[in-house]
Amino acid sequence: TKPNIRDMSLEEIEALIASLGKEKYRARQIMKWLYLGGATSFAEMTTLAREFRTRMEGLTRIAEPAIDRIQTASDGTKKALFRIEDGLFIESVLIPGRNHWTACISTQAGCAMGCVFCATGHMGFKKNLSSGEIIEQVIHYARQLKPLGESVTNVVVMGMGEPFHNYDNTLAALDRLRHRKSQQFHGARAT
């Protein structure tokens, strides 16, 4: 199958684009669409030429988890049950604060720790999430908050799984999320 572009770093996307004979700054445009614009398809990336979008769509995909269920508490906290591409389920929570929104995200489907106080521990370990699967949880909530003029301001990795058992993917996801409002993506030129 084609790789999920959300699993790719800026440098990996730049290398892919360079192999197509295109300018490396296009990678920043793609990242801006993915992480700031909330694009779920290449067709939405209208600052990129149609032919280039078609080529990228032929080489990569933008994976989106399916929403199975959302529960909303009286204080506005939202818990989402996502079905990821391989059919497994993960949970994440959006928690309102006085002046902020916190996304509590999962890094694994299930957990191998077996902590007696934790319901996830009783499920057993299913798999480590890819960096893209981790990021997609935050992007889902960012899309929900955008029409309200709000954004996810805090991210905690206290959902399903033990983050240190999926260290590389967790750090890669957090690094890209940390940079999504920084100059890393804002240097993109629109053409």
Side-chain angles (χ1 to χ4, degrees), residues 4-10 13 25-50 52-54 56-57 60-85 88-107 109 129-160 169-170 172-191:
N4 179 3
I5 198 160
R6 284 208 179 109
D7 285 333
M8 299 171 76
S9 68
L10 176 63
I13 297 172
Y25 74 84
R26 301 278 181 206
R28 291 184 189 279
Q29 287 178 304
I30 291 170
M31 294 292 257
K32 192 172 182 179
W33 277 108
L34 290 172
Y35 296 105
L36 298 176
T40 58
S41 72
F42 287 101
E44 296 173 59
M45 299 182 188
T46 55
T47 56
L48 302 172
R50 183 175 290 134
F52 178 61
R53 286 182 275 164
T54 301
M56 289 301 294
E57 192 169 16
T60 63
R61 71 189 199 295
I62 301 172
E64 288 292 313
I67 306 300
D68 191 72
R69 184 176 356 156
I70 295 179
Q71 294 177 308
T72 304
S74 59
D75 69 352
T77 298
K78 295 179 185 298
K79 181 169 77 170
L81 181 65
F82 295 100
R83 183 190 333 263
I84 53 179
E85 285 185 310
L88 295 173
F89 290 95
I90 58 171
E91 289 183 335
S92 66
V93 181
L94 180 65
I95 307 164
R98 186 176 301 224
N99 297 308
H100 64 276
W101 290 91
T102 300
C104 178
I105 59 174
S106 296
T107 58
L129 299 182
S130 71
S131 60
E133 289 169 327
I134 295 168
I135 289 168
E136 289 159 9
Q137 297 167 71
V138 177
I139 298 299
H140 165 77
Y141 291 125
R143 266 194 237 103
Q144 285 190 338
L145 293 172
K146 189 174 183 173
L148 306 173
E150 301 280 346
S151 63
V152 175
T153 52
N154 303 311
V155 175
V156 294
V157 287
M158 294 174 61
M160 295 175 75
N169 289 339
T170 299
L174 293 176
D175 186 56
R176 285 199 293 281
L177 288 169
R178 181 176 61 90
H179 283 82
R180 70 188 183 111
K181 290 197 175 183
S182 74
Q183 284 302 109
Q184 181 174 356
F185 304 144
H186 288 281
R189 290 188 286 171
T191 48

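Numbers here are sequence positions counted from 1. Every heavy atom of this structure was used, including side-chain atoms; hydrogens, water molecules and symmetry mates were not.
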Could you pull out all residues at least two apart from Thr77 that satisfy side-chain hydrogen bond (donor to acceptor under 3.5 Å, both in side chains)?
Asp75
Distance (rounded to the nearest 0.5 Å) between Ser131 OG and Asn4 CG
8.0 Å
Quick check: do Ile134 and Thr170 have side-chain heavy atoms less than 4.5 Å from each other?
yes
Contacts of Phe82 that satisfy ring-ring contact (aromatic ring centres under 6.0 Å, His included) - sequence neighbours left out
His140
So, taking the atom named CZ in Arg28 and the one named CD1 in Ile13, what distance separates them when rounded to the nearest 0.5 Å?
11.0 Å
For Glu57, which residues count as a side-chain contact (heavy atoms from CB on, under 4.5 Å) partner, sequence neighbours excluded?
Phe42
Can you list everything that forms a side-chain hydrogen bond (donor to acceptor under 3.5 Å, both in side chains) with Thr60? Sequence neighbours excluded, please.
none
In Å and rounded to the nearest 0.5 Å, what is the CD to CD1 distance from Gln144 to Ile70?
5.0 Å
List in chain and number order the residues that pass side-chain hydrogen bond (donor to acceptor under 3.5 Å, both in side chains) with Arg83, two or more places apart in sequence or in another chain; answer none if no residue qualifies.
Asp68
Applied to residues 135-146, the salt bridge (charged side-chain N to carboxylate O under 4.0 Å, His left out) test, sequence neighbours excluded, yields Glu64-Arg143
Does Arg176 use its side chain to pair, donor to acceptor, with the backbone of Arg6 at less than 3.5 Å?
yes
Between CD on residue Gln29 and OH on residue Tyr25, distance to nearest 0.5 Å:
5.5 Å
Heavy atoms of Lys78 and Tyr141 approach each other most closely as O-OH, 3.6 Å
For the CD1 atom of Ile30 and the CD1 atom of Ile5, what is their distance to the nearest 0.5 Å?
4.5 Å
Under a 3.5 Å distance rule, please check whether Gln137 uses its side chain to pair with a backbone N or O of Ser106 as donor and acceptor.
yes
Just jot down the side-chain hydrogen bond (donor to acceptor under 3.5 Å, both in side chains) partners of Glu91, sequence neighbours excluded, or say none.
none
Compare every heavy atom of Leu88 with every heavy atom of Ala109, then report the nearest pair and how far apart it is.
CB-CD1, 4.1 Å
Atom of Ser130, atom of Asp7 and distance for their closest heavy-atom approach
OG-OD1, 2.7 Å
Do Ile135 and Leu177 come within less than 4.5 Å of each other through their side chains, counting heavy atoms only?
yes
Validation: residues 93-105 side-chain donor-acceptor distances under 3.5 Å, sequence neighbours left out:
| residue | atom | partner | partner atom | Å |
| --- | --- | --- | --- | --- |
| Trp101 | NE1 | Glu150 | OE1 | 3.4 |
| Thr102 | OG1 | Asn154 | ND2 | 3.3 |

For Arg50, the side-chain contact (heavy atoms from CB on, under 4.5 Å) test, sequence neighbours excluded, returns Arg53, Thr54
Are any of the side-chain heavy atoms of Met45 and Ile62 separated by less than 4.5 Å?
yes
